[in-house]
Amino acid sequence: MSLKVVQWATGGVGVAAIKGVLEHPHLELVGCWVHSQAKAGKDVGELLGTAPLGVTTTDSLDDILALDADAVIYAPLLPNPDEVAALLRSGKNVVTPVGWVYPSERQGADLRAAGEAGNATLHGTGIAPGGISEKFPLLLSVMSTGVTFVRAEEFSDLRTYLAPDVVRHVMGFGDTPEKALSGPMQKLLDGGFIQAVRMIVDEMGFAADPKVRATQEIAVATAPIASPIGTIEPGQVAGRKFHWEALVGDRPVVRVTVNWLMGEENLDPAWNFGVEGQRYEMEVRGNPDFTVVVRGFQSEYGAQDDGVEAGVVATAAHCVNSVPAVCAAPPGIATYFDLPLFSAKAAPQFRRG
């Protein structure tokens, strides 16, 4: 028996999720919500550039609520709690990369109630946050004892992120430092990354201050920098760092950092990725200390590829592969602590019959 899945939104993550559902042996695509009227009423295959799939898109929430479906992969640019609550009350489990990785009792109260009313479950997942920021550092920490510090850090070249409106108008690249620092990005990131830090603090039992310290830094161009959003001129934002730290006294015990650069040249400060290049790092200090480096989720700028960032596909895959476990979970909100170990599935040509 396949689980019936709806894809909500068809941006980069959404399209990758659809492809993941189509090749998952236990999932069946039965619906697709789209943001624009121009995409509505089309066969999903047309959006993918493939043969028809027999699933028609809609821009109506009511159409999705009326569908017979087990789960929705909810991947809009920005989350709408009212939409999520409606999906849960309609009896549809929701897996999402845009929030609720580790909500507090207050943050999750309404959605927990909606899930219980609809006998459905909400699970927040993704890559960072939603994976490398907390799930995998916690998993790896079992190889150490007496932990004193945990770090998760991203090093990414934003020139490969092919969403120019988001990069310029949401992330603040190409803007003045003043506008970028007062823009929406810090608040948008805080929700997920603060939850990631809190998850590690709570699970490891650090006596940390309940308030997570959030800080950011800006680098500006010192010469024109070519980028997918156009030329970034001298004095405009060309690099951003965000940090979230849990403190015991004045000592950080958990730190999550994002390093986003428009390349490594002509920046002030002169930030770079170091000799190891783009990557994700997870560090645990204890007995023993260790660092794990993950590569492959970031494309190299200028490389010949299909234009799809591997990290976007990984984010979608984490959602897709979560669906069976989430559908089997008790109603409400399920974090990683509430789900069993699960994995990807073999490619069709290598799969048991």
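Counting only heavy atoms from C-beta outward, the side chains of Met185 and Gln216 never approach each other to under 4.5 Å. Contact annotation: the side chain of Thr96 never approaches that of Trp8 to less than 4.5 Å [non-hydrogen atoms, C-beta and beyond]. Thr176 has its side chain out of reach of Val237: every pair of non-hydrogen atoms, C-beta onward, lies at least 4.5 Å apart. The shortest distance between side-chain heavy atoms of Phe242 and Thr257 does not fall below 4.5 Å. Put simply, the side chain of Leu47 does not reach to within 4.5 Å of the side chain of Val15, judged on heavy atoms. Using a 4.5 Å heavy-atom cutoff, the side chains of Phe337 and Glu203 are in contact. Here the side chains of Tyr336 and Val101 are in contact, with some heavy-atom distance below 4.5 Å. Between Thr335 and His123, the closest side-chain pair of non-hydrogen atoms is not below 4.5 Å.
Applying the 6.0 Å contact sphere to OH of Tyr161 captures no more than 12 heavy atoms from other residues, nucleotides or ligands. Around NE2 of His243, the count of heavy atoms belonging to other residues, nucleotides or ligands within 6.0 Å exceeds 12. No more than 12 heavy atoms of other residues, nucleotides or ligands shown are found within 6.0 angstrom of CZ on Arg106. The 12-atom threshold is exceeded at CG of Asp190, counting heavy atoms of other residues, nucleotides or ligands nearer than 6.0 Å. Around atom CD of Glu105, no more than 12 heavy atoms belonging to other residues, nucleotides or ligands sit under 6.0 Å away. Around the CD atom of Glu264, the shell of radius 6.0 Å holds more than 12 heavy atoms that belong to other residues, nucleotides or ligands.
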Show, in sequence, the C-alpha distance, side-chain angles and deciding distance for Leu88 and Thr121, and conclude whether the side-chain contact (heavy atoms from CB on, under 4.5 Å) test is met. CA-CA 7 Å; Leu88 292 168; Thr121 304; 5.8 Å; no

Please report the C-alpha distance between Ser156 and Gln298 in whole Å, then the side-chain angles of each, then the deciding distance to 0.1 Å, and finally whether the side chain to side chain donor-acceptor pair (under 3.5 Å) criterion is met. CA-CA 7 Å; Ser156 293; Gln298 293 123 323; 2.9 Å; yes

Full working for side chain to side chain donor-acceptor pair (under 3.5 Å) between Gln236 and Asp175: CA-CA 5 Å; Gln236 294 179 336; Asp175 218 332; over 6 Å; no

Determine, stepwise, if the pair Glu245 / Arg255 fulfils salt bridge (charged side-chain N to carboxylate O under 4.0 Å, His left out). CA-CA 4 Å; Glu245 295 177 305; Arg255 179 188 298 127; 2.8 Å; yes

Working for salt bridge (charged side-chain N to carboxylate O under 4.0 Å, His left out), residues Lys4 and Asp68: CA-CA 8 Å; Lys4 298 176 181 178; Asp68 176 18; 3.1 Å; yes

Is there a side chain to side chain donor-acceptor pair (under 3.5 Å) between Tyr74 and Glu83? Walk through the geometry before answering. CA-CA 9 Å; Tyr74 180 78; Glu83 291 172 344; 2.6 Å; yes

side-chain contact (heavy atoms from CB on, under 4.5 Å) assessment of Val220 paired with Leu267: CA-CA 6 Å; Val220 298; Leu267 298 179; over 6 Å; no

Run Lys39 and Thr10 through side chain to side chain donor-acceptor pair (under 3.5 Å) and show every step you take. CA-CA 9 Å; Lys39 290 183 178 181; Thr10 55; 3.2 Å; yes

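The closest side-chain donor-acceptor pair between Thr160 and Glu309 falls under 3.5 angstrom. Using a 3.5 Å distance cut-off with no hydrogens or angles, the side chains of Glu154 and Trp260 do pair a donor with an acceptor. No hydrogens or angles considered: a donor-acceptor pair under 3.5 Å links the side chains of Thr125 and His318. Side-chain atoms of Lys19 and His24 include no donor-acceptor pair closer than 3.5 Å.
Hydrophobic clustering (ILVMFWY, side-chain heavy atoms < 4.5 Å, transitive): Ile127 and Leu339 are in distinct clusters. Cluster annotation: Tyr102 and Ile132 are assigned to the same hydrophobic cluster (Ile/Leu/Val/Met/Phe/Trp/Tyr, side-chain heavy-atom contacts under 4.5 Å, transitive). A chain of hydrophobic side-chain contacts below 4.5 Å, direct or via other Ile, Leu, Val, Met, Phe, Trp or Tyr residues, connects Val142 to Leu138.
The main-chain N or O of Glu233 is never found under 3.5 Å from a side-chain atom of Thr231 such that the two would form a donor-acceptor pair. A donor-acceptor pair is defined here as one N or O able to donate and one able to accept, closer than 3.5 Å; such a pair exists between the side chain of Ser144 and the backbone of Asn287. Using a distance-only test at 3.5 Å, with no hydrogens or angles considered, no donor-acceptor pair links the side chain of His26 to the main chain of Ser2. Side-chain N or O atoms of Arg198 include none that pairs as donor or acceptor with a backbone N or O of Val212 at under 3.5 Å. At least one donor-acceptor pair under 3.5 Å links the side chain of Gln7 to the backbone N or O of Ile73. At least one donor-acceptor pair closer than 3.5 Å links the side chain of Glu134 to the backbone N or O of Gly130.
The CG atom of Leu67 sits 10.5 Å away from atom SG of Cys32, with the distance rounded to the nearest 0.5 Å.
Relative orientation of the His35 and Trp33 rings is perpendicular, given thresholds of 30° and 60° on the angle between their planes.
Relative to the ring axis of Phe155, Arg279 places its NZ or CZ within 45° and under 6.0 Å from the centre.
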